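Notes for the one structure printed next.
Remember, it's a predicted structure, so these values are computed and weren't measured experimentally.
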Amino acid sequence: MDNQFRKYLDLYLEAWRSSSINRMRDLISKDYKAREIKDGDIIDFGFEESINGWEQGFLFAEENNAEWALNEVAIIPLRTDEIMAIISATMILQGKSIDSAHLFFQTFRKESFEDWKLIRSYIEAGISLDNIRNIQFT
C-alpha cells in the first residue's frame with residue numbers, strides 16, 4: 001500500500017472518529033459521488049449532500065456522547081492512483097454498540113504527490129453486526 005495513502009486514511013478515520021466536519025470537508029473531493037442503499041431504497045448524492053449527512057451524523061454523535069466504531073475490512077488497490085477501502089461503521093452509545101452498521105466501499109484518488117481525496121462511495125446501510133463480523137473474502 002502507498003505510504004502516503006496510509007497517512008491519508010489515518011487522517012480520514014481520525015476526522016471521522018473525532019466528528020470533525022471541517023477536516024472531513026477537506027478530505028473529500030468536490031466532485032464526490034455516492035450511492036447509499038437503505039431499507040432497499042437507492043439514494044444518489046454528491047459533495048454537498050455528503051457534507052450535510054456528515055454534519056447530521058457528527059451532531060448526533062456529539063449530542064449523545066457516542067463513539068464511532070470503525071473497522072477496516074479491506075484495502076484494495078484499484079489503479080496506480082486509486083485505492084478502495086472497505087470500512088464498517090457503527091456507533092457505541094452509553095457503552096453499548098448499536099445492533100447494526102453501515103458498510104462503506106470508498107474509493108480514494110491520488111490528486112497530487114501527497115494529496116488523496118475521497119472521490120466515490122457505495123454504502124450499504126443497516127447491516128446486522130453479526131453479518132459484519134462474519135465478512136469473508138474467498
Legend entry - Plane angle bin for Trp16 and Tyr12 - parallel if under 30°, tilted between 30 and 60°, otherwise perpendicular: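 Judged by the thresholds at 30° and 60°, the geometry between Tyr12 and Trp16 is perpendicular.
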Could you tell me if the side chain of [Y] sits less than 4.5 Å from the side chain of [X], heavy atoms only?
| X | Y | answer |
| --- | --- | --- |
| Leu78 | Thr107 | yes |
| Ile51 | Ile21 | yes |
| Ile98 | Leu93 | yes |
| Lys33 | Phe47 | no |
| Ile87 | Phe105 | no |
| Ile86 | Ile76 | yes |

Legend entry - Heavy-atom neighbours of Lys96 NZ exceed 12 at 6.0 Å: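 At most 12 heavy atoms, drawn from other residues, nucleotides or ligands, come within 6.0 Å of this atom.
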Legend entry - Heavy-atom neighbours of Asp44 CG exceed 12 at 6.0 Å: yes
How long is the straight-line distance from [atom2] of [Y] back to [atom1] of [X], given to the nearest 0.5 Å?
| X | Y | atom1 | atom2 | result |
| --- | --- | --- | --- | --- |
| His102 | Glu36 | NE2 | CD | 5.0 Å |
| Leu9 | Glu14 | CG | CD | 12.0 Å |
| Phe45 | Asn52 | CZ | CG | 10.5 Å |
| Ser88 | Leu70 | OG | CG | 7.5 Å |
| Arg120 | Phe108 | CZ | CZ | 11.0 Å |
| Glu124 | Arg35 | CD | CZ | 10.5 Å |

Residue pair [X] / [Y]: nearest heavy atoms and the distance that separates them:
| X | Y | result |
| --- | --- | --- |
| Arg17 | Trp68 | O-CD1, 3.7 Å |
| Trp116 | Asp81 | CZ3-O, 3.7 Å |
| Tyr122 | Ile37 | OH-CG1, 3.5 Å |

Legend entry - Ser121 and Tyr32: CA distance, side-chain angles, deciding distance, side-chain contact (heavy atoms from CB on, under 4.5 Å) verdict: CA-CA 8 Å; Ser121 299; Tyr32 175 78; 2.7 Å; yes
Are [X] and [Y] in one and the same hydrophobic cluster, where Ile, Leu, Val, Met, Phe, Trp and Tyr link if side-chain heavy atoms are under 4.5 Å apart?
| X | Y | value |
| --- | --- | --- |
| Met91 | Leu13 | yes |
| Met84 | Ile127 | yes |
| Ile132 | Ile92 | no |

Inset, instruction - In plain terms, say whether Glu82 and Arg109 are close enough for a salt bridge, that is, a side-chain N and a carboxylate O under 4.0 Å apart. - result: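 A salt bridge links Glu82 with Arg109.
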Legend entry - Salt-bridge criterion met for Asp41 and Lys38 (N-O under 4.0 Å):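 Judged by the 4.0 Å cut-off on N to carboxylate O distance, Asp41 and Lys38 do not form a salt bridge.
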Tell me whether [X] contacts the main-chain N or O of [Y] through its side chain, where contact means a donor paired with an acceptor under 3.5 Å.
| X | Y | result |
| --- | --- | --- |
| Glu49 | Gly46 | yes |
| Lys117 | Asp26 | yes |
| Thr90 | Ser100 | yes |
| Asn64 | Phe60 | yes |

Legend entry - Steps toward salt bridge (Lys or Arg N to Asp or Glu O under 4.0 Å) verdict (Asp130, Arg133): CA-CA 5 Å; Asp130 287 338; Arg133 288 183 189 113; 3.4 Å; yes
Inset, instruction - Applying side-chain contact (heavy atoms from CB on, under 4.5 Å), run through Ile119 and Gln106 and close with a yes or a no. - result: CA-CA 8 Å; Ile119 60 166; Gln106 300 197 299; over 6 Å; no
Inset, instruction - Applying side-chain contact (heavy atoms from CB on, under 4.5 Å), run through Leu118 and Leu27 and close with a yes or a no. - result: CA-CA 6 Å; Leu118 175 61; Leu27 299 170; over 6 Å; no
Inset, instruction - Tell me yes or no: between the side chains of Asn22 and Arg25, is some donor less than 3.5 Å from an acceptor? - result: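 The answer is yes; a qualifying pair exists.
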